[in-house]
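All values reported here derive from a predicted model rather than from experimental measurement. A, B, ... follow the sequence lines: proteins, then strands. Residue 1 opens every chain.
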Amino acid sequence: MPLNRSKKKTPMPTQKPEVRRRNFNEVALGYSEEEAVSEAQRCLQCKKPGCVEGCPVQVQIPQFIKRIAERDFEGAIKIIKETNSLPAICGRVCPQEAQCEKNCVLGKVGEPVAIGRLERFAADWERTKGIRPPVIPKKLGKKVAIIGSGPAGLTCAGDLAKLGYDVTIFEALHKPGGVLVYGIPEFRLPKIIVEQEVKFIQQLGVEIKTNMVMGKVLTIDDLFEMGYEAVFISTGAGLPKFMGIPGENYLGVYSANEFLTRINLMKAYSFPNTDTPIKVGKKVAVIGGGNVAMDAARSALRMGADEVHIVYRRSEEEMPARKEEFENAKEESIIFDFLTNPVRIIGNENGWVKGIECIRMELGEPDASGRRRPVPITGSEFIMDVDTVVIAIGTGPNPLLTKTTEGLELTKHGYIAVDEEGRTSREGVWAGGDIVTGSATVILAMGAGKKAARSIHEYLQNKKWR
Amino acid sequence: MFKILEKRELAPSIKLFVIEAPLVAKKARPGQFVILRIKEGGERIPLTIADYDAQNGTVTIVFQEVGKTTRELGTLEAGDYIEDFVGPLGVPVEFPNHKKVLGIGGGLGIAPLYPKLKMLHQQGVEVVSIIGARTAELLILEEEIKAVSDRMYVCTDDGSKGRHGFVTVVLKELLEQGEKFDEIIIIGPPILMKIGSEITKPYGIPTMVSLNPIMVDGTGMCGGCRVTVDGEIKFACVDGPAFDGHKVDFDELIKRLATYKEEEKISLERFNEAHECKLINKIEGADKDAVK
């Protein structure tokens, strides 16, 4: 029987909204040992745990929680790391409410066990104690190339290195981590944590080559010529979408990718101590309703904006952002304009944004996504005065690599076509993450990396492609 | 880390570096560019590849010290290292069936013009070139351009060398005299490319320009370098940097280039102050050494 019968999760200590809205420090502060043990004691230790089924990388959840309940924190992190090489990241950015925690039986009568918070606790506990370097396995003498060092690439690399492969990751930017470093803000995922998880992968023997724009500096054919026997493509979905409305090139209009890259990767919040600037005005509108929109809006606030709006064409119910991020954003005084769609961006005589013309929407019949389609209300146009606009309506597949790779089959939208094991139409080439699925989550990308690693291992063992 | 093998001062504030970057050199083609970052905390800036040597594994860049990053770059010497050097980026240019081409380079634009004319010359195409600068002192790569041209015109704004006036004056003359070209390449400040393209348009001669908008990643990820070409949004980093000069919205480009004008000023002033302090310390340090 559990020792803690509370129906609610042990609350997570956080920075107060009125304080955190002006700094880039992490919002959630993490459990203390006492809080973690107490929360772990809520777990019923189900014989058939639904939570594990809900986890894309099958972390042995009840087992690690049991260790925490017994104060064996080292044992807990060891169990997690058997299947998940990036626990400090997953504990922070996974949508647990839609995965492991969704299946928790406690969720039927109250709140589920705070699995994500416990995973984060175990990973952070290890980090403060000093991460023990992993045991480096015996080398198999086979080379695998991974393109892109985001969550899919890092996971695939970690799993293959553990099996004894010589893994090289090729990263286009100057820093490894992909979306974890350029996209997700410091206050949600401190960069030091990404650095440490990357270091762990490197300690496994993975080599990371930065500044390598694949498709330009090297092609996939070059990689095979260099002796790589398998290639995993995890380049992400890095092509920003614009709305196609007038005025999108006015000064002060950013794609979310540019806005977040300047702030996160290039550290524009430290300008002029760092060299890359960003201009965030007093009144900002972020277009879109996903996690990226939340990140952009909350970053704008921290950059000093007085008023930040999220403009979303559907209603709160259809919004794809995680509930927790939505709540956090609301607490920080982000204003949500639901059922509102921009039709035109208005500029001043110098080409700077001065407003957006929007139209009110109402929900009609369900569309292809199953959500009710927003329909414009005739005559409801109005002008919102803003001086900065961030467009966060998603990304498409970046064609830089796929264009230079012959025989690589793409879907009609330009994503890489793969089978259930992540195999592409070219022998020896796998793909996974956002370049296959379109913008999704960190953990789904990690799941794809894991699956591909298994399949690559199988292939390199017996060299049978299908 | 990427080593600077050679440094040359082409003109006051215009410098040439030969960088050791074998992988970039191997794939580089005319029209492509690199992005570099001097050190941690630095900006990523795009620079056109002015020359490359696959055999020796080197890439040549030419830059003008206008902002903080380029000024800082200029303080580096042969033997120093640059933290990040990425490329070759952008779409290479091609001139499949050309017989005669006119190349126009203004100021720093002469540097990116050079590899294109060199390729044309090697292909046996007749090359006519017009290069110009504000003054004779600022005119770069004259010998190099001359070596790949069948005929070359030199202009300076102040008349200190060659023709007195803008390169566009010569362009106008050649076209008015009825000289025919399969293509005209114009590279230089946006205003030159704009006016040049306006001059060639009535003659219906294909006109290529090479754009230099603000960039961050250079791989199509951020969209910061978007330009309007023929009414459509293009990303200069992956769709360009070369575009049809008759279709580019230059006014928009010029406006967008000024986005960070104030920040650039702050950054440069801080650098200049710090740099002067460093120089003073160096001199004072040297004095102390002398006393010893």
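- B:Glu43 has no carboxylate O lying under 4.0 Å from a charged side-chain N of B:Arg37, or vice versa, which leaves the two without a salt bridge.
- Contacts between A:Leu218 and chain B at a heavy-atom distance below 4.5 Å involve backbone atoms as well as side-chain atoms.
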- Test log, rule side-chain hydrogen bond (donor to acceptor under 3.5 Å, both in side chains), inputs B:Asp217 and B:Thr219: CA-CA 6 Å; B:Asp217 61 289; B:Thr219 64; 2.5 Å; yes
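- Note: B:Pro88 leads B:Pro88, B:Gly224, B:Ser267 in heavy-atom pairs under 4.5 Å with chain A.
- Looking only at heavy-atom pairs under 4.5 Å with chain B, the residue among A:Gly351, A:Gly244, A:Pro240, A:Ser255 that has the most is A:Pro240.
- When heavy atoms are compared at a cutoff of 4.5 Å, B:Glu232 does not approach chain A at all.
- In this structure, the portion of B:Arg270 lying under 4.5 Å from any heavy atom of chain A is its side chain and not its backbone.
- Heavy atoms closer than 4.5 Å to chain A are found in the side chain of B:Glu252, but not in its backbone.
- With respect to chain A, the highest number of heavy-atom pairs below 4.5 Å among B:Val238, B:Ile233, B:Ile35 belongs to B:Ile233.
- Residue B:Ile214 touches chain A through its side chain alone, counting heavy-atom pairs closer than 4.5 Å.
- Checking side-chain atoms of B:Arg226 against main-chain N and O of A:Glu248 turns up a donor-acceptor pair under 3.5 Å.
- Between B:Asp251 and B:Lys194, at least one side-chain nitrogen of the basic residue sits less than 4.0 Å from a carboxylate oxygen of the acidic one, meeting the salt-bridge criterion.
- Neither the backbone nor the side chain of A:Lys267 has a heavy atom closer than 4.5 Å to any heavy atom of chain B.
- For the residue pair A:Ser149 and A:Glu171, a side-chain donor N or O sits within less than 3.5 Å of a side-chain acceptor on the partner.
- With a 4.5 Å cut-off on non-hydrogen atoms, A:Phe259 does not touch chain B at all.
- The environment of B:Lys247 atom NZ is sparse: at most 12 non-hydrogen atoms of other residues, nucleotides or ligands sit within 6.0 angstrom.
- Using a 4.5 Å cut-off between heavy atoms, A:Asn273 touches chain B through backbone and side chain atoms alike.
- Between B:Lys68 and B:Glu264, none of the side-chain N atoms (NZ, or NE/NH1/NH2) sits under 4.0 Å from a carboxylate O, so this pair counts as no salt bridge.
- Of the two parts of B:Phe85, only the backbone, made up of N, CA, C and O, holds a non-hydrogen atom closer than 4.5 Å to a non-hydrogen atom of chain A.
- A:Glu258 and A:Arg262 are joined by a salt bridge, as a carboxylate oxygen and a charged side-chain nitrogen come within less than 4.0 angstrom of each other.
- Of the listed residues B:Arg256, B:Glu40, B:Gln32, B:Glu72, the one with more heavy-atom pairs under 4.5 angstrom with chain A than any other is B:Arg256.
- Of the atoms belonging to B:Leu23, heavy atoms from both backbone and side chain fall under 4.5 Å from chain A.
- Classification of A:Lys175 and A:Glu195 as a salt-bridged pair holds, one side-chain N sitting under 4.0 Å from a carboxylate O.
- Of the residues considered (A:Ile278, A:Asn249, A:Leu251), A:Asn249 shows the highest number of contacts with chain B, using heavy-atom pairs under 4.5 Å.
- Of the listed residues (A:Thr274, A:Asn257, A:Val217), the one with the most heavy-atom contacts under 4.5 Å to chain B is A:Val217.
- Salt-bridge check for A:Glu207 with A:Lys209: passed, with a basic side-chain N closer than 4.0 Å to an acidic carboxylate O.
- For B:Thr259, the parts lying near chain A are the backbone and the side chain together; criterion is any non-hydrogen pair under 4.5 Å.
- A donor-acceptor pair under 3.5 Å is absent between the side-chain atoms of A:Asn398 and the main chain of A:Leu239, judged by distance alone.
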